[in-house]
Amino acid sequence: MDLRKIPAVVGGSQADRRGVVLAKSIPCKNYGIKTGEPLAKAKEKCPGLVIVPPNYPLYMKCHKALMDILREYSPLVQSFSIDEAFLDYTGMEEHFGPCLKGATLIKNRIREELGFTVNIGISTNKLLAKMASDFTKPDRVHTLFPQEIPSKLWPLPVERLFMVGRATKAKLNELGIFTIGDLANYNRELLGWKLKSHGLLIHDYANGIENSPVLPNDNIQMKGMGNSTTIKFDVDNKKDAHKVLLSLAETVAARLRNEGYKCGVVSVSIKTHEFLRYSHQRKLAAPTDNTNELYEIATQLFDEAWNGEPICHLGIHVSHLYPREFTQYTLFDNVKKGAMLSSLDRAVDNIRKKYGGHSIFRATYLYSGMSPMAGGVGTEDYAVMGNIL
DNA sequence: TCTGGGGTCCTAGGACCC
DNA sequence: TCTGGGGTCCTAGGACCC
């Protein structure tokens, strides 16, 4: 049975309280199932819904294979997410023909060699190409050239525009803006006054104005990173919370070291049983990439912030990233202790690299029912830029 | 109905400095 | 005694993306 042809979703485990729709087949659209909504709600909309668990290693493999094919058609390829990429076709016509022909070639090759279908959008900038790629699916090539904007883009509901989410849709509707065309032809100054810079941005987008370059991912500087986890049970005491934070610190610090960064700011986020979120952050006296230090800071932040309610989700996020070799010591650093801790980190990293992520872990997690390295969706880091073209 | 996890950017208010 | 104005940094929270 082909999951793509029946109502089917990839979803997290409801027992682990991760039961949301992560991806959906095209037939799900008819039932009004939306990505990100609870599985229980999706099942209600479609009683026969088939739910399969995610397989991130497979998605990463497909992602890499896709990128390899795309790079055969241009040196300028930017991976935008696990399943989207931008390709600058400038100058490639002489090798592979006009863009429409080239796109069809790429699309068919992916289908035949990788076994899945893609949509390709063609235009003069990334915004228009992306909007075009979201037109009818599957296995299609669409164009959205500037002269096609009024006929192809403007009739769409405004929330279909990139960067118009739930909150902005509500505000725009309030202003009498319901289609992308309404937005494009709305008074720009007034929109800037009502919605600040975001108003000006989406006004540009509605008019097809966008000029960011296709940037290969190794030229993109990471701004921050973090890991968070939904806990199987509500945590109501510091000891358990600290244990979760330790497992998150393990993951985040290992990623920092793996990417060659130290962080200057640490943030802890808390989501309560009632789904209220709050966070607490601090700039460090000296940047760090050390697991124990990150753990100590995170527990301090947690203790300062926690109001005592049951917790269902915890996260550690680091930012102000500096290349490891540029970092400085403060006057108060214990240099010798720092060197010992960092060589301990190195040793653990090497063991995990050689024998696998779970080959060495802290005894506190034995029989704890908790993962010693929490957070993460896949096993490998890959550069993504969620909402920046 | 019972709600993932990874990111980026913007805004606002307060502290602090000149 | 009571009062400027501008700039930067820090923190918290919210918006958006996949």
Side-chain angles (χ1 to χ4, degrees), chain A residues 9-24 32-45 53-54 56 59-60 63 79-85 126-127 130 133-134 159-172 195-202 205 212 217 220-232 248 251-252 255 264-284 301 304-305 312-321 374-389:
Chain A
V9 299
V10 175
S13 145
Q14 283 178 291
D16 294 348
R17 311 202 292 187
R18 291 170 159 97
V20 297
V21 175
L22 300 164
K24 60 181 193 293
I33 292 169
K34 295 198 176 100
T35 303
E37 82 180 341
L39 284 180
K41 200 173 166 185
K43 280 194 230 170
E44 211 174 75
K45 290 176 177 176
Y56 290 103
Y59 307 153
M60 280 311 297
H63 169 76
S79 144
F80 185 64
S81 69
I82 196 157
D83 65 354
E84 284 181 304
K126 286 156 71 178
L127 183 271
K130 175 158 172 51
S133 74
D134 281 329
E159 62 269 24
R160 286 275 301 274
L161 185 66
F162 182 68
M163 291 301 283
V164 176
R166 205 174 41 170
T168 306
K169 168 189 154 63
K171 287 180 198 166
L172 294 176
L195 287 143
K196 311 285 179 204
S197 62
H198 190 238
L200 300 177
L201 180 79
I202 58 176
Y205 283 1
S212 68
N217 295 70
I220 296 174
Q221 176 71 31
M222 211 174 221
K223 302 291 179 1
M225 58 175 75
N227 286 100
S228 64
T229 188
T230 294
I231 308 147
K232 289 191 179 109
L248 289 164
T251 314
V252 175
R255 288 177 63 200
V265 173
V266 178
S267 166
V268 165
S269 61
I270 297 169
K271 187 152 81 182
T272 71
H273 181 75
E274 276 74 40
F275 253 66
L276 296 171
R277 298 153 212 259
Y278 54 96
S279 64
H280 188 39
Q281 70 179 59
R282 177 173 299 139
K283 189 175 192 299
L284 308 183
L301 288 166
E304 288 165 14
C312 76
H313 177 110
L314 282 169
I316 296 179
H317 189 270
V318 297
S319 54
H320 281 55
L321 305 185
V377 288
T379 50
E380 287 171 82
D381 280 316
Y382 61 98
V384 283
M385 301 288 289
N387 59 348
I388 307 304
L389 288 180

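Every chain is numbered from 1, with letters handed out A, B, ... down the list of sequences.
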Review point. Does A:Val21 or A:Pro38 map to a spot on DNA chain B nearer the 5' end, using the closest nucleotide for each?
Key: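 It is A:Pro38, whose closest nucleotide lies nearer the 5' terminus.
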For residues 12-22 of chain A, which side-chain donor-acceptor pairs fall under 3.5 Å, sequence neighbours excluded?
| residue | atom | partner | partner atom | Å |
| --- | --- | --- | --- | --- |
| A:Ser13 | OG | A:Ala15 | N | 3.4 |
| A:Ser13 | OG | A:Asp16 | N | 3.0 |
| A:Gln14 | OE1 | A:Lys43 | NZ | 3.0 |
| A:Arg17 | NE | A:Ile231 | O | 3.0 |
| A:Arg17 | NH1 | A:Asp234 | OD1 | 3.0 |
| A:Arg17 | NH2 | A:Ile231 | O | 2.8 |
| A:Arg17 | NH2 | A:Phe233 | O | 3.4 |
| A:Arg17 | NH2 | A:Asp234 | OD1 | 2.9 |
| A:Arg18 | NH2 | A:Thr229 | OG1 | 2.9 |
| A:Arg18 | NH2 | A:Thr230 | O | 3.4 |

Residues two or more places apart in sequence or in another chain: which of them pass salt bridge (Lys or Arg N to Asp or Glu O under 4.0 Å) with [X]?
| X | value |
| --- | --- |
| A:Glu274 | none |
| A:Lys169 | A:Glu159 |
| A:Lys45 | A:Glu37 |
| A:Glu44 | none |

Point to revise | Stem segments of DNA chain B by first residue number [Watson-Crick or G-U, under 3.5 Å, at least 3] | key: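 If one scans DNA chain B for consecutive Watson-Crick or G-U pairs, the stems found are B:5-18 with C:5-18.
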**Study point:** Partner set under ring pair (Phe, Tyr, Trp, His ring centres under 6.0 Å) for A:Tyr278, not counting sequence neighbours
**Key:** none
Check your understanding: Would you call A:Phe275 stacked on B:dT3, i.e. ring centres under 5.5 Å apart with the planes less than 30° off parallel?
Key -> yes
Practice item. Mind running a 4.0 Å heavy-atom check of residues 9-18 of chain A against DNA chain B and sending the residues that fall below it, in number order? Key: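 When residues 9-18 of chain A is checked for heavy atoms under 4.0 Å from DNA chain B, the hits, listed by number, are A:Arg17, A:Arg18.
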Exercise for review: Using the C1' atom on both, measure C:dG4 against B:dC17 and round to a whole Å.
Suggested key: 14 Å
Review point. Would you say a side-chain N or O of A:Lys271 is under 4.0 Å from OP1 or OP2 of B:dG4?
Key: yes
N/O contacts under 3.5 Å, protein versus nucleotides 14-17 of chain B?
none

Using the test side chain to side chain contact (heavy atoms under 4.5 Å, CB included), find all partners of [X] that sit at least two apart in sequence or belong to another chain.
| X | answer |
| --- | --- |
| A:Ser197 | none |
| A:Asp83 | A:Ser81 |
| A:Ser279 | A:Ser267, A:Ser269 |

Exercise for review: For A:Ile220 and B:dC9, give me the distance from atom CD1 to atom P, rounded to whole Å.
Suggested key: 10 Å
Review point. Which atoms form the tightest heavy-atom contact between A:Tyr205 and A:Leu127, and what is the distance?
Key: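 Scanning both residues completely, I find the closest heavy atoms to be O-CD1, 3.5 Å.
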Review point. Base, sugar-phosphate, or nothing: which does A:Arg277 touch, judged by heavy atoms less than 4.0 Å apart?
Key: nothing
